[in-house]
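Heads up, the thing below is written out as structure tokens.
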Amino acid sequence: MTVLAVALVAAVLVFAVVRPRRLPEIVAAAPAAVVVLATGLVTPAQARDEVTEMAPTVGFLAAILVLAHLADAMGVFTWIAARLRRGARGDPKRLLTLVFGAAALTTAVLSLDATVVLLTPAVIATARSLRMDPRPHSYASAHLSNTASTLLPVSNLTNLIAFSATGLTFLHFTVVMALPWAVAIVVELILFRMFFRRHLVQTDAEPEPARDPPAPTVALSIIAATLAGFAVSGFVGIAPAWVAAAGAIVLGVVALRDGRTDFGRILYAVDVWFCAFVLVLGVVVAGVANGPIGDWIGSRLPTDTSFAALLTMAVVAAVAANLVNNLPATLLLLAALGPHPPTALVLAMLLGVNLGPNLTYVGSLAIMLWRRVAARAGSPADLRTFTILALVTTPLTLFAAVVALWACEYFLTAGG
């Protein structure tokens, strides 16, 4: 039965990567979920618990996808692209640095999906308009959608799932993760500039003429207010999904009033099939988590907060994310850590499931989305380039982030 459970997870992930005839991932996930229920790998009660546990997270995903669509409709990403274009001054290395900054902030505030779905096309178009090779900048948006997703509890679905287990407030979580977040981004930027040095060469070609759009102040203000709402939501007992929904409603009213979007495009932005896939995938992976493999992992995870323990936790989480995808890996590892795990171990696990997925196409849902978006934007991903870049950047970035987390933990403990 364990072999069947693993085979079903593998089949779903392979289908999600290949996507024959561009069919949605739910086409493979739904039958797999039926099989795990029919064979008893997961009981109906366990499946209900999985769906119930994931529902608030998926609700947040839907709300933030709508918020990101509305931000795009209001011209936020067009304005960002214009800022990138002007700030680059024709220098591809400078553009790469600006893309890193824009992707890091977009991921932190609007979540990694906004970086992948909306910023990536803007970045590719900006590079092309400046007669630059778009590949370094496209790969940067892909990597930063994962690397920069550790700062806020709302930056990644994995953070939302694990947030309650940390026992931290929104602001405390952000303060502790700020240094690992910054260190990982800086290390990855250095490695990117080295890896793509032959592509980051300034040309004499004349850039395409363009006009800078005005700043979308209303949209930016609503997004800023939503971010502030995330910060205070924990103090008043409101789930982040409701804050995101409120921000989406307010911005939606403005966008509809101004004719920037319509109800059909808003509904399409929800990506119902993808959200359903996230829910069903949790049920499929529960067939593995509830069996001998889950027990085996739980018996081997570290229990202290030494540097070696934090690094081990992060590496195990990174490997698990690339085997079963980062969302199911988060659920699996949280269950294995037990009811009251040390906060530092949970944060190390988040570093692993957030940064580790840059290693393969199947590590995170964000990378799966990015491949589709980049192809539609005319700059499809290349497996060889992606893999070599991943092998160069991911281990070093993860190691540097764990060192930063351990330093924060050490000094906080010493100060306490």
Side-chain angles (χ1 to χ4, degrees), residues 56-84 98-123 126 138 140-160 163 170 173-174 177-178 181 185 215-233 239-252 254-255 260-261 265-266 268-271 274-275 278 354 364-367 369-370 373:
T57 300
V58 174
F60 175 83
L61 171 63
I64 210 70
L65 286 173
V66 171
L67 186 65
H69 158 71
L70 294 169
D72 185 46
M74 292 296 291
V76 170
F77 290 94
T78 301
W79 175 75
I80 290 175
R83 295 295 92 197
L84 292 174
L98 293 173
V99 167
F100 260 71
L105 292 177
T106 301
T107 298
V109 176
L110 287 176
S111 87
L112 70 173
D113 299 291
T115 300
V116 168
V117 176
L118 301 172
L119 186 63
T120 298
V123 163
T126 299
S138 175
S141 66
H143 273 237
L144 267 293
S145 70
N146 286 320
T147 303
S149 68
T150 58
L151 181 62
L152 306 179
V154 297
S155 300
N156 197 331
L157 297 180
T158 56
N159 299 359
L160 283 172
F163 180 46
F170 187 102
F173 181 101
T174 304
M177 295 299 276
W181 178 78
I185 293 169
T217 53
V218 173
L220 292 173
S221 299
I222 294 172
I223 292 171
T226 304
L227 179 60
F230 290 145
V232 302
S233 62
W242 293 112
V243 178
I249 290 171
V250 174
L251 190 55
V254 176
R260 299 297 190 96
T261 190
R265 282 184 281 178
I266 292 175
Y268 181 78
V270 175
D271 204 343
F274 192 71
C275 291
V278 175
N354 288 2
S364 72
L365 302 176
I367 295 296
L369 283 171
W370 169 75
V373 171

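When every heavy atom of Ala63 is checked against every heavy atom of Ala241, the shortest pair comes out as CB-O, 4.2 Å. Residues Phe230 and Ala244 come closest through the heavy atom pair CE2-N, 3.7 Å. The heavy-atom pair separating Ala103 from Ser141 by the smallest distance is CB-CA, 4.4 Å. Taking each heavy atom of Leu251 and Ala71 in turn, the nearest pair found is CD2-N, 3.8 Å. Heavy-atom minimum distance, Pro153 versus Thr174: CD-OG1, 4.0 Å. Taking every heavy atom of both residues into account, Ala219 and Met74 meet most closely at CB-CB, 3.7 Å.
Between the CG atom in Leu105 and the CG atom in Leu144 there is a gap of 10.0 Å [rounded to 0.5 Å]. Taking NE2 of His69 as the start and CD1 of Ile64 as the end, the distance is 13.5 Å to the nearest 0.5 Å. Going from atom CG of Leu84 over to atom OG1 of Thr126 covers 5.5 Å, rounded to the nearest 0.5 Å. In this structure, the separation between CG on Asp72 and CG on Leu119 is 10.0 Å, given to the nearest 0.5 Å. For the atom pair CH2 of Trp370 and OG1 of Thr115, the computed distance is 13.5 Å after rounding to the nearest 0.5 Å. Taken from CZ in Phe77 to OG1 in Thr106, the straight-line distance is 5.0 Å, to the nearest 0.5 Å.
Looking only at atom types and distance, the side chain of Ser111 has no donor-acceptor partner in the side chain of Asn156 under 3.5 Å away. Side chains of Ser364 and Asn146: a donor-acceptor N/O pair is present below 3.5 angstrom, by distance only.
At distances below 3.5 Å, at least one donor-acceptor pair connects side-chain atoms of Trp181 with backbone N or O atoms of Ala148. No donor-acceptor distance shorter than 3.5 angstrom exists from the side chain of Ser145 to the backbone of Leu112, with no hydrogens or angles considered. Distance alone, capped at 3.5 Å, places no donor-acceptor pair between the Thr120 side chain and the Val117 backbone.
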Before you tell me yes or no, could you show the steps for Leu65 and Val270 under side chain to side chain contact (heavy atoms under 4.5 Å, CB included), namely the whole-Å CA-CA distance, both residues' side-chain angles and the distance that decides it to 0.1 Å? CA-CA 6 Å; Leu65 286 173; Val270 175; over 6 Å; no

Step-by-step side chain to side chain contact (heavy atoms under 4.5 Å, CB included) determination, Leu152 to Asn159: CA-CA 8 Å; Leu152 306 179; Asn159 299 359; 5.9 Å; no

Begin from the C-alpha positions of Phe173 and Leu151 and carry the test side chain to side chain contact (heavy atoms under 4.5 Å, CB included) through to its verdict. CA-CA 8 Å; Phe173 181 101; Leu151 181 62; over 6 Å; no

Chi angles and distances behind the side chain to side chain contact (heavy atoms under 4.5 Å, CB included) call for Leu160, Phe163: CA-CA 5 Å; Leu160 283 172; Phe163 180 46; 5.6 Å; no

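For the pair Phe170/Val232, no side-chain contact is recorded, criterion being any heavy-atom separation below 4.5 Å from C-beta on. Using a 4.5 Å heavy-atom cutoff, the side chains of Leu70 and Val66 are in contact.
Paired with Asn354 under the rule side chain to side chain donor-acceptor pair (under 3.5 Å), one option of Thr147, Thr150, Thr158 passes, and it is Thr158.
Partners of Phe100 under the ring pair (Phe, Tyr, Trp, His ring centres under 6.0 Å) rule, at least two apart in sequence or in another chain, are Phe192.
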